[in-house]
Amino acid sequence: LFRSDFRGGKRFPPPFFSGENMAQTIRLRHTQSGVATTGFYGFSWTTLFFSGFPAIFRGDLLTGVLVLLLSASSFWIVAIIWAFLYNRVYTTRLLERGYVFDDAPDKVAEAKRVLGVHQ
């Protein structure tokens, strides 16, 4: 449907649909246990389309159920708002639990910038 190429000097797809606004992954590692996991930052299309289910599948049961209930009772307006916030909330919670960035330096710098983390 959308192709990233140049036509007449314009870039397709439009910036909102480009990779800049898609969720990006960042590898995280727990400092004490060494357990590795994946964090996310950016807009969550899965949360937009599936509301609280991505949170449930990531093991964040309480948040997922709460978002599902709030989305259903607000005609899915909460799901739209939550899609902009959830990846940041999820990854920030992992960082608060003792995970640290464990990825390429350029990816870590970008994730820190987007998430507003100053470590």
Side-chain angles (χ1 to χ4, degrees):
L1 181 64
F2 295 108
R3 292 187 354 214
S4 291
D5 61 354
F6 291 93
R7 292 184 185 170
K10 294 183 180 179
R11 183 169 180 226
F12 291 93
F16 181 76
F17 292 104
S18 69
E20 299 166 0
N21 293 311
M22 299 298 288
Q24 303 293 316
T25 60
I26 186 78
R27 191 173 54 239
L28 302 170
R29 181 183 40 81
H30 195 270
T31 53
Q32 293 177 343
S33 68
V35 172
T37 191
T38 303
F40 303 91
Y41 60 95
F43 185 80
S44 176
W45 286 96
T46 54
T47 300
L48 177 66
F49 292 118
F50 302 109
S51 186
F53 286 110
I56 293 169
F57 294 144
R58 291 180 189 175
D60 197 357
L61 185 64
L62 181 62
T63 300
V65 170
L66 183 64
V67 169
L68 275 172
L69 292 173
L70 290 173
S71 295
S73 65
S74 69
F75 302 102
W76 303 104
I77 293 172
V78 169
I80 295 169
I81 295 168
W82 192 240
F84 287 95
L85 303 173
Y86 182 60
N87 283 334
R88 174 187 217 138
V89 169
Y90 175 74
T91 304
T92 303
R93 286 181 184 166
L94 289 174
L95 293 170
E96 290 170 351
R97 291 185 198 144
Y99 284 85
V100 294
F101 294 107
D102 185 34
D103 214 321
D106 56 330
K107 282 189 77 172
V108 170
E110 177 66 11
K112 285 182 177 182
R113 184 188 68 77
V114 172
L115 294 170
V117 175
H118 305 291
Q119 285 189 26

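Values reported hereafter were calculated over all heavy atoms of this structure, with side chains retained and with hydrogens, waters and symmetry mates removed. One is the number of the first residue; the rest follow in order along the sequence.
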Give me each pair satisfying salt bridge (charged side-chain N to carboxylate O under 4.0 Å, His left out) with a member in [range], each pair once, sequence neighbours excluded.
| range | value |
| --- | --- |
| residues 74-90 | none |
| residues 71-81 | none |
| residues 64-76 | none |
| residues 63-85 | none |

Please find the pair of heavy atoms, one from R97 and one from H30, that lie closest to each other, and give the distance. O-NE2, 3.1 Å
Going by the rule side chain to side chain contact (heavy atoms under 4.5 Å, CB included), which residues pair with T25 if we only count those two or more places apart in sequence or in a different chain?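 Per chain and number, T25 pairs via side chain to side chain contact (heavy atoms under 4.5 Å, CB included) with T38, F40, K107.
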With rounding to the nearest 0.5 Å, note down the distance linking CD in Q24 to CD1 in I26.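 So the CD of Q24 and the CD1 of I26 are separated by 9.5 Å.
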Would you find a donor on one side and an acceptor on the other, under 3.5 Å apart, between the side chain of D103 and the backbone of R27?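 Yes; at least one donor-acceptor contact below 3.5 Å.
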R113: what forms a side chain to side chain donor-acceptor pair (under 3.5 Å) with it, not counting sequence neighbours? E110
Kindly write out the residues that satisfy side chain to side chain donor-acceptor pair (under 3.5 Å) with T91, not counting sequence neighbours, or none if the list is empty. none
To which residues is F75 joined in a hydrophobic cluster, defined by side-chain heavy-atom contacts under 4.5 Å among Ile, Leu, Val, Met, Phe, Trp and Tyr, whether direct or through other members?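 Members besides F75: none; it forms no cluster.
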My understanding is that a hydrophobic cluster links ILVMFWY residues whose side chain heavy atoms are under 4.5 Å apart, including indirect links. Using that, what else belongs to the cluster containing L70?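 Joined to L70, directly or through intermediates: L66, V78.
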Y90 vs Y86 aromatic rings, parallel, tilted or perpendicular, using cut-offs 30° and 60°?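 Correct class here is tilted.
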Quick one: side chains of residues 53-62, donor-acceptor pairs under 3.5 Å with protein atoms, not counting sequence neighbours, listed by atom name and distance.
| from | atom 1 | to | atom 2 | distance (Å) |
| --- | --- | --- | --- | --- |
| R58 | NH1 | N87 | OD1 | 3.1 |
| R58 | NH2 | N87 | OD1 | 3.0 |
| D60 | OD1 | T63 | OG1 | 3.0 |
| D60 | OD2 | T63 | OG1 | 3.3 |
| D60 | OD2 | R93 | NH1 | 2.9 |

From CA spacing to verdict: side-chain contact (heavy atoms from CB on, under 4.5 Å), L48, I80: CA-CA 5 Å; L48 177 66; I80 295 169; 3.8 Å; yes
Heavy-atom distance under 4.5 Å between the side chains of T37 and Y99, does that happen here?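 Yes - at least one pair of side-chain heavy atoms lies under 4.5 Å apart.
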Quick test of your reading: applying side-chain hydrogen bond (donor to acceptor under 3.5 Å, both in side chains), list the pairs with at least one residue in residues 64-84, sequence neighbours left out, ordered by first then second residue.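 Every side-chain hydrogen bond (donor to acceptor under 3.5 Å, both in side chains) pair that includes a residue of residues 64-84, provided the two are not neighbours, is S51-S71.
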Test side-chain contact (heavy atoms from CB on, under 4.5 Å) applied to D102 and L28, step by step: CA-CA 5 Å; D102 185 34; L28 302 170; 6.0 Å; no
